[in-house]
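Quick notes on the structure that follows.
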Amino acid sequence: MPDITRPPGARHSPSILVTGAAGNLGREVVDRLQTQGARVRSLLHHQAGPRPGAEPVIGDLTDPSAVRAALVGIDAVFLIWPLLDSAPAHDLVAELAAAAPRVVYLSSTAIDDEAAHQSDPIVQVHADMEALLHDAGLRPRTLRSDTLASNARGWSAQLRAGDVVSGPDVARTAVVDERDVADAAVAVLLAHQDQLDDEPSVLTGPAVLSRADQVALIGAALRRRLRFRALPADLARSRMLADGRPERLVEALIAASVCRPDSNRTTDHVERLTGRPAGTFAKWAIDHAAEFS
Ligand SMILES: NC(=O)c1ccc[n+]([C@@H]2O[C@H](COP(=O)([O-])OP(=O)(O)OC[C@H]3O[C@@H](n4cnc5c(N)ncnc54)[C@H](OP(=O)(O)O)[C@@H]3O)[C@@H](O)[C@H]2O)c1
């Protein structure tokens, strides 16, 4: 993988569209792009508070006219596809192919390139999206992210109420700080095209962690003894449905919990793209401790 941490020549100031821009990862990307002097347009699903310097566009990723309008004058797109189905992405991909910006797609480390079918619907969507973008001739630059540390925010209500997080367990994996993924994304978005290769970057944290490990590390940051209680699939399903989560999302999360295999893979791709090693979950927990107390 080429070193893109020191771009040659004068800094170009591209116009970049970020989708999912109000989400955990998207907002980190927007902030960094603005700091680096890029012109940023944020595609927001719903009206959000004003963000100095970022041009907001309200629209649905599945609405071709909204996507077409958002792409006017755009050099590059940081594409987050948060849906549980790739079928509605055909129109979006057609709009991208017509506008022909550079595309950086945020995918998943859980993709098995040798498998005919992926382990669960969430991973299948990412594999399908990679194929759609590739088949449309977009030559996307793909960042495959491991489990984002920011998923732990979903535990904040339980941890404000007590010392136990209950939920479906998932495979151990090298949880990655979303701020590292954002730094890597910005490095790629601002790099010269000829500094990049076509192989996906595989962005992981430095250590393989279970959910119990993550809860314990949040406890260490809070100086509390916290523990994770794994729920059987049926109980986890009924609790998530009772919490008001959409049925399709609940089924996808249960399938991921039951079917996704452990991953022992860690890489140095965050460091190769950003010039510094990936941060630990312990550091993430310290930096976000206030959100859990
Ligand atoms: N979480 C992980 O562990 C992980 C791992 C690998 C890859 N990824 C990828 O990373 C993405 C971002 O993760 P995240 O944690 O930042 O997600 P997030 O916080 O849920 O953010 C997703 C954003 O997408 C917006 N959105 C949802 N449906 C939309 C639609 N139809 N049109 C336009 N915008 C829409 C949401 O807006 P509203 O909330 O207003 O609907 C939200 O702001 C995931 O969607 C996934 O594709 C995640």
Side-chain angles (χ1 to χ4, degrees), residues 17-32 41-49 51 54 56-67 69-71 77-89 91-92 95 104-111 118-130 132-133 140 142-156 168 170-182 184-185 200-205 209 211 214 244-246 248-249 252-253 256-257 260 263 265 269-270 281 284 288 291:
L17 176 68
V18 178
T19 73
N24 287 304
L25 177 62
R27 60 180 183 252
E28 297 287 346
V29 173
V30 168
D31 286 349
R32 283 160 175 75
R41 187 175 294 159
S42 299
L43 184 66
L44 303 170
H45 200 197
H46 304 106
Q47 188 74 46
R51 249 181 143 67
V57 178
I58 313 298
D60 195 302
L61 277 164
T62 62
D63 174 358
S65 61
V67 170
L71 284 170
V77 177
F78 181 60
L79 181 59
I80 284 172
W81 179 257
L83 284 78
L84 294 168
D85 185 359
S86 62
D91 287 342
L92 166 99
E95 296 299 332
V104 177
Y105 177 62
L106 196 278
S107 185
S108 167
T109 53
I111 288 178
Q118 301 300 322
S119 60
D120 60 82
I122 294 173
V123 185
Q124 188 65 53
V125 167
H126 286 299
D128 292 346
M129 288 298 295
E130 288 191 14
L132 268 177
L133 293 164
T142 302
L143 301 180
R144 290 183 176 175
S145 170
D146 214 309
T147 304
L148 297 174
S150 50
N151 291 356
R153 289 193 166 117
W155 301 332
S156 60
V170 294
R172 286 156 43 88
T173 183
V175 179
V176 62
D177 190 322
E178 70 282 0
R179 297 170 298 185
D180 289 335
V181 176
S201 292
V202 178
L203 305 175
T204 76
L209 300 172
R211 285 200 157 163
Q214 292 171 69
R245 298 220 213 176
R248 189 166 193 182
L249 173 62
L253 293 172
S257 157
R260 199 174 298 178
S263 167
R265 186 172 187 194
H269 293 193
V270 166
F281 188 84
W284 184 92
H288 295 82
E291 297 179 31

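Both counts, for ligands and for their atoms, begin at 1 and track the order of listing.
Using a 4.5 Å cut-off on side-chain heavy atoms (C-beta onward), Thr109 and Arg265 make no contact. The closest side-chain heavy-atom distance from Ser108 to Val125 is not below 4.5 Å. Between Gln118 and Ile111, some side-chain heavy-atom pair lies under the 4.5 Å cut-off. Taking the side chain as every heavy atom from C-beta outward, His126 and Tyr105 approach each other to under 4.5 Å. Residues Leu148 and Val176 have side chains in contact (heavy-atom distance under 4.5 Å, counting atoms from C-beta outward).
Between Ser108 and ligand 1, a contact under 3.5 Å exists for no N or O pair. The shortest N/O to N/O separation between Thr147 and ligand 1 does not fall below 3.5 Å. The shortest N or O to N or O distance between Thr62 and ligand 1 is not below 3.5 Å. The N/O atoms of Asp60, backbone and side chain alike, include one that comes under 3.5 Å of an N/O atom in ligand 1. In terms of polar-atom proximity, Trp81 is counted as a contact of ligand 1, with an N or O under 3.5 Å from an N or O of the ligand. Close N/O approach between Leu44 and ligand 1 is not found [any backbone or side-chain N/O within under 3.5 Å].
Listed by number with element, the atoms of ligand 1 under 4.0 Å from a non-hydrogen atom of Ser107 are 6 (C), 7 (C). Taking every heavy atom of Leu25 and a limit of under 4.0 angstrom, the matching atoms of ligand 1 come to 16 (O).
Ranking the protein heavy atoms by distance from atom 36 (C) of ligand 1 puts His45 CB, 4.4 Å first. Protein heavy atom in closest approach to atom 45 (O) of ligand 1: Pro82 CA, 3.3 Å. Residue, atom and distance of the protein heavy atom nearest to atom 43 (O) of ligand 1 are Gly23 N, 3.3 Å. Protein heavy atom at the shortest distance from atom 32 (N) of ligand 1 is Leu61 N, 2.9 Å. With hydrogens left out, the protein atom closest to atom 23 (C) of ligand 1 is Gly20 CA, 3.6 Å, a heavy atom. Among protein heavy atoms, the minimum distance from atom 1 (N) of ligand 1 is reached at Asn151 OD1, 2.9 Å. The nearest protein atom to atom 6 (C) of ligand 1, hydrogens excluded, is given as Ser145 O, 3.4 Å; this is a heavy-atom distance. In terms of protein heavy-atom proximity, atom 10 (O) of ligand 1 is nearest to Leu106 CD1, 3.1 Å.
With Ile80, Val125, Val29, Leu203 as candidates, the residue nearest to atom 12 (C) of ligand 1 on a non-hydrogen basis is Ile80.
Nearest approach of Val57 to Ala70, heavy atoms of both residues: CG1-CB, 4.3 Å. Across all non-hydrogen atoms, the minimal contact from Ala171 to Arg260 is CB-O, 3.3 Å.
With a 4.0 Å heavy-atom cut-off, ligand 1 is reached by the side chain of His126 but not by its N, CA, C or O. Of the heavy atoms in Ala21, none comes closer than 4.0 Å to ligand 1. Counting heavy atoms closer than 4.0 Å to ligand 1, residue Asn24 contributes atoms from both its backbone and its side chain. Only the side chain of Leu83 comes within 4.0 Å of ligand 1, counting heavy atoms alone; its backbone N, CA, C and O stay farther away.
No side-chain N or O of Thr142 forms a donor-acceptor pair with one of Glu130 less than 3.5 Å apart.
Distance screen at 4.0 Å: atom 28 (N) of ligand 1 has a protein heavy-atom neighbour inside the cut-off. For atom 20 (O) of ligand 1, the nearest protein heavy atom lies 4.0 Å away or farther. Put simply, atom 17 (O) of ligand 1 has no protein non-hydrogen atoms near it, under 4.0 Å away.
Atom CG of Leu79 sits about 7.0 Å away from atom CG of Leu61, to the nearest 0.5 Å. Between Phe78 atom CZ and Leu43 atom CG the span is 13.0 Å, to the nearest 0.5 Å.
Around the CZ atom of Arg153, the shell of radius 6.0 Å holds more than 12 heavy atoms that belong to other residues, nucleotides or ligands.
With hydrogens and angles disregarded, a donor-acceptor distance shorter than 3.5 Å links the side chain of Thr19 to the backbone of Ile80.
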